[in-house]
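Computed from a predicted structure; not experimentally measured. In this chain, residues are counted from 1 in sequence order. Counting starts at 1 for both ligands and their atoms, following the listed order.
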Amino acid sequence: MTTSCDIPEALCQILRDARHVCILTGAGVSAESGVPTFRDAQDGLWAQYAPQDLATPDAFLINPALIWRWYRWRRELVNSAMPNSGHYAIASLSELVPQLTLVTQNVDNLHQRAGSRNVIEFHGNLFNDRCFADGSLHIADESLDVPVCPDCGGNLRPGVVWFGEAIPESALHESCSAAADCDVFLSIGTSSQVYPAAGLANLAKNNGAIVVEINPEPTMLAADFDFAIAGKSGVVLPELLESLAVKRSGQDRSEK
Ligand code: BV8
């Protein structure tokens with residue numbers, strides 16, 4: 001089967017035969033929804049900042065009001081965005097393979113809005129508010145520049161994992177188990193520069209999985225991968241899905 005974005009038939013066959021597919025997504029999967037990636041230059045007020053400088057506990061301690069303005073700007077941007085065909089293809093893929101584990105570095109909820117279930121949020125969720133001191137979840141008072149914890153009176157913070165902070169234990173454990181168990185690992189829309197997320201592909205490879213990258217630009221890890229598909233996730237994933245569906249209809253026919 002020929003595809004517009006040059007997906008090798010060997011890869012389609014590997015996915016058709018897969019028992020457990022583990023997917024890691026990054027900001028690139030949300031790019032076609034209009035959500036800027038971490039490496040895209042931010043626009044307007046935020047153009048003067050690098051996200052890596054804002055997404056840290058120190059930045060919050062120094063200027064919590066600035067950090068809350070940034071996250072509220074991102075919440076508004078994401079709320080006005082819609083899942084794209086790549087998100088929907090991943091949600092549908094879970095119906096076509098025996099076991100699918102979705103690990104996302106994204107905090108934008110777009111996988112869930114596209115219908116994916118049991119999403120492992122490796123870096124938390126943009127829409128959760130947490131007590132800075134003890135991590136307990138609360139609903140922030142939006143009228144305050146810096147919302148406060150109703151229990152301890154300290155500052156609330158967005159429920160994401162910042163640079164220098166540990167990955168939530170359950171998310172780390174579930175992701176590592178899935179990467180070590182899967183027979184196909186798809187790394188989609190990530191620059192593979194942030195650890196430990198970027199280490200999952202290697203963990204999968206060291207446990208015998210076929211590892212695949214889907215990204216318009218090859219990343220530093222591409223040379224270690226079995227397949228590197230140069231394309232946008234919103235284009236490549238629906239085509240991968242179609243090739244799998246072709247097999248299913250063929251299989252159903254042979255079962256008649
Ligand atoms: C940890 C949530 C240890 C927040 C994010 C010094 C001190 C401490 C740690 C470190 C240190 N030095 C290095 C580290 C490790 C650090 C790290 O990796 N730093 C990097 C910069 C080197 N990691 C950490 O700090 C992690 N924690 O190590 O803890 C520890 C242990 C115990 C106790 C205490 C501490 C935590 C990292 C989590 C940071 N939080 N997000 C928020 O969102 O505000 S990271 C954030 O950036 C994203 O979540 C994502 O993970 C990352 C951006 O990466 P990508 O998703 O890949 O996005 P990017 O823009 O880079 O690339 C987009 C890609 O898409 C591109 O390749 C592009 O080509 C492609 N693309 C574009 N369009 C499309 C497309 N692909 C497909 N289709 C398209 N249409």
Side-chain angles (χ1 to χ4, degrees), residues 5 7 23-42 46 49-60 64 66-75 77-78 81 83-90 102-111 119-130 135 157-169 171-173 175-176 186-202 212-222 225 228-240:
C5 38
I7 302 173
I23 295 179
L24 172 69
T25 61
V29 168
S30 297
E32 290 157 89
S33 296
V35 178
T37 69
F38 262 65
R39 272 143 195 79
D40 286 340
Q42 298 195 100
W46 303 106
Y49 299 97
Q52 290 87 323
D53 300 336
L54 296 175
T56 70
D58 292 346
F60 184 77
L66 172 74
I67 301 310
W68 265 108
R69 276 203 301 280
W70 183 48
Y71 278 94
R72 284 171 171 153
W73 170 72
R74 288 175 63 192
R75 286 178 175 177
L77 188 145
V78 167
N84 63 61
S85 50
H87 293 110
Y88 288 112
I90 289 172
L102 175 56
V103 182
T104 188
Q105 299 173 87
N106 301 337
V107 296
D108 58 28
N109 237 24
L110 288 176
H111 282 301
V119 179
I120 300 175
E121 295 182 308
F122 207 72
H123 292 154
N125 188 299
L126 184 60
F127 297 96
N128 291 340
D129 305 319
R130 284 207 328 247
R157 52 164 291 175
V160 296
V161 179
W162 280 328
F163 287 100
E165 293 186 322
I167 306 304
E169 222 169 280
L172 185 62
H173 175 73
S175 305
C176 291
L186 304 179
S187 177
I188 309 173
T190 178
S191 61
S192 302
Q193 292 182 24
V194 175
Y195 284 82
L200 293 172
N202 209 26
V212 183
E213 176 179 272
I214 298 172
N215 193 321
E217 287 150 39
T219 69
M220 292 178 292
L221 299 188
F225 284 21
I229 312 293
K232 293 183 173 185
S233 46
V235 175
V236 174
L237 290 172
E239 298 223 5
L240 265 187

Chemist: Could an N or O of ligand 1 be found under 3.5 Å from any N or O of Asn215, whether backbone or side chain?
Modeler: yes
Chemist: Answer side chain, backbone, both or neither: which part of Val107 comes under 4.0 Å from ligand 1, heavy atoms only.
Modeler: side chain
Chemist: Tell me, which protein residue and heavy-atom name are nearest atom 51 (O) of ligand 1, and how many Å apart are they?
Modeler: Gln105 OE1, 2.8 Å
Chemist: Can you give me the closest heavy-atom contact between Ile214 and Ser233, atom names plus distance?
Modeler: CG2-CA, 4.3 Å
Chemist: Can you classify the ring geometry of Phe38 versus Phe163 as parallel (below 30°), tilted (30 to 60°) or perpendicular (above 60°)?
Modeler: perpendicular
Chemist: In the complex you have, is atom 39 (C) of ligand 1 within reach of the protein, judged by whether a heavy-atom distance drops under 4.0 Å?
Modeler: yes
Chemist: Tell me whether atom 6 (C) of ligand 1 lies less than 4.0 Å from at least one protein heavy-atom position.
Modeler: no
Chemist: Side-chain contact, heavy-atom cut-off 4.5 Å: Leu77 with Asp108?
Modeler: no
Chemist: For Val160 versus Arg157, what's the shortest heavy-atom pair and its separation?
Modeler: O-NH2, 2.5 Å
Chemist: Counting both backbone and side chain atoms, is some N or O of Val161 under 3.5 Å from an N or O of ligand 1?
Modeler: yes
Chemist: Tell me, which protein residue and heavy-atom name are nearest atom 71 (N) of ligand 1, and how many Å apart are they?
Modeler: Gly28 CA, 3.6 Å
Chemist: Contact between Asn215 and Thr190 at the side-chain level, heavy atoms closer than 4.5 Å - yes or no?
Modeler: no
Chemist: Which atoms of ligand 1 have any heavy atom of Glu165 under 4.0 Å away?
Modeler: 1 (C), 26 (C), 27 (N), 29 (O), 35 (C), 36 (C)
Chemist: Would you say Pro216 touches ligand 1, if touching means a heavy atom closer than 4.0 Å?
Modeler: yes
Chemist: Which atoms of ligand 1 have any heavy atom of Gly26 under 4.0 Å away?
Modeler: 56 (O)
Chemist: Against heavy atoms of Glu32, which atoms of ligand 1 measure under 4.0 Å?
Modeler: 78 (N), 79 (C), 80 (N)
Chemist: Could you tell me whether atom 14 (C) of ligand 1 has at least one protein heavy atom nearer than 4.0 Å?
Modeler: no
Chemist: Is there a protein heavy atom less than 4.0 Å away from atom 11 (C) of ligand 1?
Modeler: no
Chemist: Quick check: closest heavy atoms across Val35 and Ala81, and the distance to 0.1 Å?
Modeler: CG2-CB, 3.9 Å
Chemist: At their closest point, which heavy atom of Pro168 faces which heavy atom of Phe122, and how far apart are they?
Modeler: CD-O, 3.7 Å
Chemist: Any donor and acceptor pair, going by atom type alone, linking the side chain of Asn84 with main-chain N or O of Gly86 inside 3.5 Å?
Modeler: yes
Chemist: Return yes if some donor-acceptor pair links the side-chain N/O of Asn202 with the main-chain N/O of Gly199 below 3.5 Å, else return no.
Modeler: no
Chemist: Which ligand 1 atoms are under 4.0 Å away from a heavy-atom of Ala31?
Modeler: 73 (N)
Chemist: Tell me: protein heavy atom nearest atom 35 (C) of ligand 1, and distance?
Modeler: Gly164 O, 3.2 Å
Chemist: What about Trp70: any of its N or O atoms under 3.5 Å from an N or O on ligand 1?
Modeler: no
Chemist: Which one of Phe163, Trp162, Tyr71, Tyr195 has a non-hydrogen atom at the shortest distance from atom 26 (C) of ligand 1?
Modeler: Tyr195
Chemist: Under 3.5 Å between any N/O of Ile214 and any N/O of ligand 1: does that happen in this structure?
Modeler: no
Chemist: If the condition is side-chain contact (heavy atoms from CB on, under 4.5 Å), which residues does Phe225 pass it with, not counting sequence neighbours?
Modeler: Ser187, Ala201, Val211, Glu213, Leu221
Chemist: Among all the protein's non-hydrogen atoms, which is closest to atom 59 (P) of ligand 1, and how far away is it?
Modeler: Arg39 NH1, 3.2 Å
Chemist: Is the shortest heavy-atom distance from the side chain of Ile167 to the side chain of His123 under 4.5 Å?
Modeler: yes
Chemist: Identify the heavy atoms of Pro218 and Ala222 that sit nearest to each other, and give their distance.
Modeler: CB-CB, 4.0 Å
Chemist: How far is atom 42 (C) of ligand 1 from its nearest protein heavy atom, and which residue and atom is that?
Modeler: Arg74 NH1, 3.4 Å
Chemist: If a pair satisfies salt bridge (charged side-chain N to carboxylate O under 4.0 Å, His left out) and one of its residues is in residues 27-38, list it, with sequence neighbours excluded.
Modeler: none
Chemist: Is the closest N or O pair between Ser233 and ligand 1 shorter than 3.5 Å?
Modeler: yes
Chemist: Does the N or O separation between Gly189 and ligand 1 drop below 3.5 Å for any pair?
Modeler: yes
Chemist: Which protein non-hydrogen atom lies closest to atom 33 (C) of ligand 1, naming both residue and atom, and how far is it?
Modeler: Ala166 CB, 3.7 Å
Chemist: Please could you name the atoms of ligand 1 that Ala27 approaches to less than 4.0 Å, counting only its heavy atoms?
Modeler: 55 (P), 56 (O), 58 (O)
Chemist: Closer than 4.0 Å and a protein heavy atom, does any atom meet both conditions relative to atom 65 (O) of ligand 1?
Modeler: yes
Chemist: Yes or no: does Gly234 have any heavy atom under 4.0 Å from an atom of ligand 1?
Modeler: no
Chemist: State, to 0.1 Å, how close Thr37 and Ala31 come at their nearest heavy-atom pair, and which atoms those are.
Modeler: CG2-CB, 4.0 Å
Chemist: Is there a heavy atom in Gln193 that sits closer than 4.0 Å to ligand 1?
Modeler: yes
Chemist: Which heavy atom of the protein is the closest neighbour of atom 52 (C) of ligand 1, given with residue, atom name and distance?
Modeler: Val194 CG2, 3.5 Å
Chemist: Verify, without hydrogens or angle tests, whether Ser30 (side chain) and Ser33 (backbone) share a donor-acceptor contact under 3.5 angstrom.
Modeler: no
Chemist: Run the ring-centre check on Trp70 versus Tyr49 and record whether the distance is less than 6.0 Å.
Modeler: no
